[in-house]
There are 2 protein chains.
Amino acid sequence: MSLPHAILTALLEKPSSGLELTRRFDRSIGYFWSATHQQIYRELGRLEHDGLIRALPTEQPARGQKKSYEVLPAGRAELARWTATSQDPKPMRDVLLLRLRAAAVVGTEGIETDLRHHLTLHRRQLAEYQEIENRDFGPGRDSAQDRLQHLVLRAGIDLETFWIQWLSHALEELGRLPAPE
Amino acid sequence: MSLPHAILTALLEKPSSGLELTRRFDRSIGYFWSATHQQIYRELGRLEHDGLIRALPTEQPARGQKKSYEVLPAGRAELARWTATSQDPKPMRDVLLLRLRAAAVVGTEGIETDLRHHLTLHRRQLAEYQEIENRDFGPGRDSAQDRLQHLVLRAGIDLETFWIQWLSHALEELGRLPAPE
DNA sequence: TCCGGTTGTGCAACTAGTTGCACAATGGTG
DNA sequence: CACCATTGTGCAACTAGTTGCACAACCGGA
């Protein structure tokens, strides 16, 4: 149950409307916890209902009007509680690895194209992360908050680097394989 | 929709009963596609109903009796089709990174313990992978099938290595942080 | 022999995430 | 002004995964 906490974090960083949140999930939080706008609206409703956030008052609230939310004390408390609570890591789930294992049994047809495709996407993502790192984490930015956020970004960068290396290696191996019958 | 295909792969490697499958998911396939026994039984039912697998005939099939399944040609075909079909990578979801980002806002209380815990688990997993590598992938084992499976194992090993490094680095950083108020 | 632990199979209810669509307001274009 | 794309909010139905429990068969020891 992490989406509500992702939203609380985002709202604490900066009060936002549903759509703004959606955009921020596409850009930054979503790099490690993605969500669609439908999920976000639903969750905003729940959080408001539970008294963890509230809509900022506006002149004329109506459908199709922007509606911004801010976190209430109860919301901050809940986030702090959740953050401090230990959680077991979820076992990973990776379709590509699964497909590779299946390919060992039924043949590697079509896999290579897809490995290349993934390689492209990961390279792109890495470039994006590095751009963020250069832009937002130059020398001098070393408050506690900066360091923590940088740490998270580092994880992203190193993960993408890992995938790029592994995919390159996999493609080499695949090329060296005896051609399928 | 990958669980059925994980099961088909496992059954092609070796026909099994529900419980045997469960065990194998705990040991090997589950390293990158985990599933509970309940999921597995449900899915076996569906696959049988759809004509992709069938129960091996036994003397006295009854509740509480082992029931083994094997893959039918239609099942193999479906697995081959799925394996060859390209799929976009799912955006990743990592609670720990999310919590770290939340910690940047509400404080790092409790995080350190958990980072250590994760570190332990990842070290243990790495050791397990390395044992498998030594046992099953010595020199000489380089058929197409061996190489592909080794590739998958390599991904596991490198991923665990990445996490261990990142967690160590994170713990260092956290120790260097100004103590929370 | 009966009793409790283990093995093996399975249903039901719940939770979280995805997909598809609806619809109001706004702002620019012919 | 009429049209249409874009922005913004939201409901409903579906899919996949999780949790909790039930229950039969088998096996060992008191």
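Here is how names work: the chains are called A, B, and so on, in the same order as the sequence lines, proteins then strands, and each is numbered from 1.
A straight line from CZ of Arg23(B) to P of dT7(C) spans 6 Å, rounded to a whole angstrom. Put simply, CD on Gln39(B) is 15 Å from C1' on dT9(C), counting in whole angstrom units. In this structure, Met1(A) atom CE and dC14(C) atom C1' are separated by 14 Å, rounded to whole Å. Rounded to an integer number of Å, the gap from CD1 of Ile7(B) to P of dT9(C) is 13 Å. Rounded to an integer number of Å, the gap from Lys90(A) NZ to dT15(C) C1' is 11 Å. Rounded to an integer number of Å, the gap from NE2 of His5(B) to P of dG17(D) is 12 Å. Atoms CD1 (Ile40(B)) and P (dG10(C)) sit 12 Å apart, rounded to a whole Å. Put simply, OH on Tyr41(B) is 14 Å from C1' on dA22(D), counting in whole angstrom units.
Interface remark: the Arg42(A) side chain does form a donor-acceptor pair with the dT18(C) base, using a distance-only criterion of under 3.5 Å.
Of the possible polar contacts, none joining the Arg54(A) side chain to the Glu70(A) backbone as a donor-acceptor pair under 3.5 Å is found.
The existence of a salt bridge linking Arg116(A) and Glu112(A) is confirmed by a sub-4.0 Å separation between a basic side-chain nitrogen and an acidic carboxylate oxygen.
Nearest to the side chain of Leu19(B), among dT7(C), dT9(D), dG10(C), sits dT7(C).
In this structure the side chain of Leu47(A) never reaches within 4.5 angstrom of the side chain of Leu11(A), judged on heavy atoms.
Summary of the strand contacts: Gln38(A) and Arg93(A) both lie near DNA chain D, and taking for each the nucleotide with the nearest heavy atom, the more 5' one is attributed to Gln38(A). Projected onto DNA chain C by closest heavy-atom contact, His37(B) and Arg46(A) fall at different nucleotides, the more 5' of which corresponds to His37(B). Closest-nucleotide positions on DNA chain C for Thr36(A) and Glu20(B) were compared, and the one nearer the 5' end corresponds to Glu20(B).
Residue-level contact check: Ser17(A) touches the backbone only, with heavy atoms under 4.0 Å from sugar-phosphate atoms and none from bases.
In this structure, a donor-acceptor pair under 3.5 Å is present between the side chains of Ser28(A) and Arg101(B).
Between Trp163(A) and Trp166(A), the angle of the ring planes goes over 60°, which puts this pair in the perpendicular group of the 30/60° scheme.
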